[in-house]
Amino acid sequence: MSNQIKIQLPDGSLREVPQGATPLEIANSISPRLAAAVVAARVRPIALVASSANQAALEHSEEEMYSGHHSASERIIGLNTPLQEDLALELLKESDADALQVARHSAAHIMATALLELFPETKLGHGPATENGFFYDVYRETPLTEADLAAVEQRMAEVVQRDEPFVQIFQPREQVLSEYAARGEFMKVHFIERFTAPGEAISLYRNGGFTDFCRGPHVPSTGRVKAFRITSIAGAYWLGDEKNQQLQRIYGTAFFNAKDLEAHFKRLEEVKARDHRVLGKQLDLFSIQEVAGAGLIFWHPKGGLIRKTMEDWMRQECIRRGYHMVFTPHIMRRELWKISGHEGYYADNMYPPMELDDAEYRLKPMNCPGHILIYKNSPKSYRDLPQRYAELGNVYRYERSGTMHGLLRVRGFTQDDAHVFCTPEQICGEIEACLDFAEAVLKTFGFQEYRVELSTRDPNKAGEFVGSEADWNHAEGALKSVLSGRGLSFQTFPGEAAFYGPKIDVKLVDVLGRPWQLSTVQFDFNLPKRFELEYIGEDGSAHQPVMVHRALFGSVERFFGVLIEHYAGSFPLWLAPLQVGLVPISEKHHAYAHSVQQRLEAAGLRVETDLSNQKMNAKIRDFGLQKVPFILVVGDKEAASDSVSVRVRAKGDQGSLTVAEFQQRATRLISEYAMELL
RNA sequence: GCUGAUGUAGCUCAGUGGUAGAGCACUCCCUUGGUAAGGGAGAGGUCAUGGGUUCAAGCCCCAUCAUCAGCUCCA
């Protein structure tokens, strides 16, 4: 006679079932059709009636995957997992995001199954689900080739066809360990030793002839993974440490149906189409040239114009907000970098010294020491503070060869860098001003969404951080109070601070939902000390100023890259390198087009007329491909009425306006930094 | 830096050991038009670089450089 347990269903109803009943049995008792449709189950203690709508997606950290200790009170279980206690139970259908994660994890097992059937000597690492699919880390003396993967993919289809049930089994840890050890499965041995305790019965999942150390959950059988593809193969270090041997990481993705799979690849194509490297070429914005060196950017006329517009806005805004624009040298004596500490801590990222007659020089990787020298050049009174120095400073950092990525990771770049030197009393106001500025940047450039992160020191590792406890507490308190004062929600990351001070990072979220780390506001307790910075206080004695680093674009190059992808090359009018394309219908209309161009240019608009002897359709197409905001068609009708026929990017023909009306509208949109063209 | 892939005309790409190709772009000619490609002709290439194998190399081998996908590291 077994005990009864209470199961609460999402509608709030309670059921009594025997202890050890499975979610599948419960589903069957509701309806066999439901049982056929469900994939997995979500359970939580019955007392906690949280709303399930906003639950974050299940995170498949390595720890969770193997340890069985879920951080959240809620967890996902397989349909055949016996229920032992009172629980709130939600049966997950294919439409549930967590169900897809489960299926992808199962797909990783299916891939491992296929792989071992074809290449039995392969050693397995781990195979989790990821945001977009799954992977499995494997090791083989002769690496797998892409041709091998095609065979694996084919075999996977057979494994799915066989519809092998996923069965959870428990075995004594020592037995499993010795079996794995006997087969040379060094990675599995490592994971079991790390994530399970001696004497435990450990969880394995078996499908057909394949058994894997895994705590699940899984879909009921391999047949439930209906649409999948192996996508790529790449290297990955064992345990993520580059000193360790390299494994092969085989990536794939899986869905419940072919339609979703296709949609996934279609979305990838769309992402590719807005890749800043692709658009940079198509729109002739910038290039990187092998003959000049990797990671070094050439800004072409159109990209250069956008950059100038960005920089003009930034400089103007800096001046308006009380910054002084300064300029500092690109190379400075090695001595300076010794004082700043970069020689010691940052040398790996710096270009090597150049020897000149008098001394050795190094290219600057950061602007801070230059701004500090300006500060130090004359004595400062508390009345002089705050001093805010801003510079669009070109810095050069040696990035390792495999790490460059278009505009987003380069060796030479321009920081919109500023340093604020102020008294401790002024610090809150300065931080506040920096955040206000950062928000203005995001808003002006069209980013609606962003995340704020506060990085503080790890109190347990105080020794690794420079500065007194009181300084840190004051600084962290200032950052927090300013963030809360502005009503910003933020996440705190203890231990993530730089060794020299706590910081606030602003991550913008682009139109595809991808986060980008750009703006940063950082305290610095290190450099003021190293450079012995001072100001004379009200009391007549010397004090050390507080120093704040702040960059808002982060780097002009990276910000531009993100901007290109955010807008997919269709820049708002004020940023568009070419704002108006003029299309004369035939040669007769060249003179009128010319007069329109002159008037619009006089109003500050960037205009180009297509004088080629193509048909107007072709001219419209050409401007359209260049993503020009406004295309103006002019023919007899327009010439007679001093008007233009307006075609708006992505919206098509919008009818006629007089030249004056169009000009007014365009200049208004520009002065408002408008995102839309109407 | 590591693993793997790639590098052919301005761009996108064919070309698997025997005379370097296509489409688009470019130049010229014809065409003078009403909202996303009118027609014709022409020009354009040290096949990434440097070695090697071969009677013969874009193609096979080695090295280097760059790019791409990851890993690692970062604005």
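By convention in this document, chain letters (A, B, ...) are assigned in the order of the sequence lines, proteins followed by strands, and residues within each chain are numbered from 1.
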Say we look at [N] and [M]: how far apart would their [atom1] atoms be, to the nearest angstrom?
| N | M | atom1 | answer |
| --- | --- | --- | --- |
| B:rC74 | B:rG1 | C1' | 14 Å |
| B:rG58 | B:rG70 | P | 34 Å |
| B:rC24 | B:rG39 | P | 9 Å |
| B:rA63 | B:rG23 | C1' | 36 Å |
| B:rU46 | B:rA69 | P | 29 Å |
| B:rU49 | B:rC13 | C1' | 22 Å |
| B:rA57 | B:rG52 | P | 12 Å |
| B:rA25 | B:rU32 | C1' | 23 Å |

Residues within residues 647-659 of chain A bordering RNA chain B, heavy-atom distance below 4.0 Å =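 RNA chain B contact set from residues 647-659 of chain A: A:R647, A:D653.
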Nucleotide-resolved protein contact map, nucleotides 68-75 of chain B, B/S/- at heavy-atom distance under 4.0 Å = SBBBBBBB
Would you kindly give the [atom1]-to-[atom2] distance between [X] and [N], to the nearest whole Å?
| X | N | atom1 | atom2 | value |
| --- | --- | --- | --- | --- |
| A:Q282 | B:rC13 | CD | P | 11 Å |
| A:I620 | B:rG38 | CD1 | P | 11 Å |
| A:H300 | B:rC11 | NE2 | P | 11 Å |
| A:Q626 | B:rC24 | CD | P | 18 Å |
| A:L247 | B:rG4 | CG | C1' | 14 Å |
| A:L279 | B:rC11 | CG | C1' | 14 Å |
| A:Q289 | B:rC11 | CD | P | 10 Å |
| A:E141 | B:rG4 | CD | P | 14 Å |

When you check the side-chain N and O atoms of [X] and [Y], is any donor under 3.5 Å from an acceptor?
| X | Y | value |
| --- | --- | --- |
| A:Q597 | A:T609 | yes |
| A:Y237 | A:Q245 | no |
| A:N613 | A:E587 | no |
| A:D642 | A:T658 | no |
| A:K507 | A:S519 | no |
| A:R307 | A:T414 | yes |

Want to settle it: does A:G635 or A:T145 sit nearer the 5' end of RNA chain B, counting the closest nucleotide to each?
->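 Between the two, 5'-proximity favours A:T145.
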For A:G295 and for A:S401, locate the closest nucleotide of RNA chain B by heavy-atom distance; then report the residue assigned to the nucleotide nearer the 5' terminus.
->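 On the 5' side of the pair lies A:S401.
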Please assess A:Y346 against A:W337 for the test ring pair (Phe, Tyr, Trp, His ring centres under 6.0 Å), listing each intermediate value before the final yes or no.
-> CA-CA 9 Å; A:Y346 208 70; A:W337 304 112; 9.3 Å; no
Which part of the nucleic acid, if any, lies within contact of A:A551, taking any heavy atom under 4.0 Å across all strands shown: a base, the sugar-phosphate backbone alone, or nothing?
->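 If one applies the 4.0 Å heavy-atom cut-off, A:A551 turns out to touch nothing in the nucleic acid.
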Give one of base, sugar-phosphate or nothing for A:L625, where a contact means two heavy atoms less than 4.0 Å apart.
->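 A:L625: base contact, heavy atoms under 4.0 Å.
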Where is the tightest heavy-atom contact between A:K588 and A:D636, given as atom of each residue plus distance?
->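 Nearest pair, atom of A:K588 first, then A:D636: CE-OD1, 4.0 Å.
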Describe, in one word, how the ring planes of A:Y396 and A:H330 are oriented to each other, choosing from parallel (under 30°), tilted (30 to 60°) and perpendicular (over 60°).
->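 Plane angle between 30° and 60°, so tilted.
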For A:F228, which residues count as a ring pair (Phe, Tyr, Trp, His ring centres under 6.0 Å) partner, sequence neighbours excluded?
->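 Applying ring pair (Phe, Tyr, Trp, His ring centres under 6.0 Å) to A:F228 gives none.
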Taking atom NE2 of A:H594 as the centre, does the number of heavy atoms from other residues, nucleotides or ligands within less than 6.0 Å exceed 12?
->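 Not buried by this count: 12 neighbours or fewer within 6.0 Å.
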Taking the side chain as every heavy atom from C-beta outward, state whether A:H264 and A:R229 have any pair of such atoms under 4.5 Å apart.
->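 The answer is no, as the side chains (C-beta and beyond) never meet within the 4.5 Å cut-off.
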Looking only at the aromatic ring of each residue, does the gap between the centers of [Y] and [X] stay below 6.0 angstrom?
| X | Y | answer |
| --- | --- | --- |
| A:H105 | A:F134 | no |
| A:W516 | A:F447 | no |
| A:W313 | A:F559 | no |
| A:F523 | A:Y500 | no |

Might you work through the side chain to side chain donor-acceptor pair (under 3.5 Å) test for A:Y450 and A:E439, ending with a clear yes or no?
-> CA-CA 9 Å; A:Y450 53 91; A:E439 283 185 68; 3.0 Å; yes
Using atom types as modelled and distance alone, determine if a side-chain donor or acceptor of A:R397 lies under 3.5 Å from a backbone N or O of A:V410.
->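 Between the backbone of A:V410 and the side chain of A:R397 there is no qualifying donor-acceptor contact (under 3.5 Å).
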For RNA chain B, list all stems, counting runs of three or more consecutive pairs where every pair is Watson-Crick or G-U wobble with both distances under 3.5 Å.
->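 So the stems come out as B:1-7 with B:65-71, B:10-13 with B:21-24, B:26-30 with B:38-42, B:48-52 with B:60-64.
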Review item, nucleotides 40-50 of chain B N/O atoms under 3.5 Å of protein N/O:
none

Short side-chain N/O contact to B:rG1 OP1/OP2 from A:K243, under 4.0 Å |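 For A:K243, the contact criterion (side-chain N or O under 4.0 Å from OP1 or OP2 of B:rG1) is not met.
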Grab the N/O contacts between the protein and nucleotides 30-32 of chain B below 3.5 Å, and write none if there aren't any.
from	atom 1	to	atom 2	distance (Å)
B:rC30	N4	A:N613	ND2	3.1
B:rU31	O4	A:N613	ND2	2.4
B:rU32	O2	A:E587	N	2.8
B:rU32	N3	A:E587	OE1	3.0
B:rU32	O4	A:E587	OE1	2.5

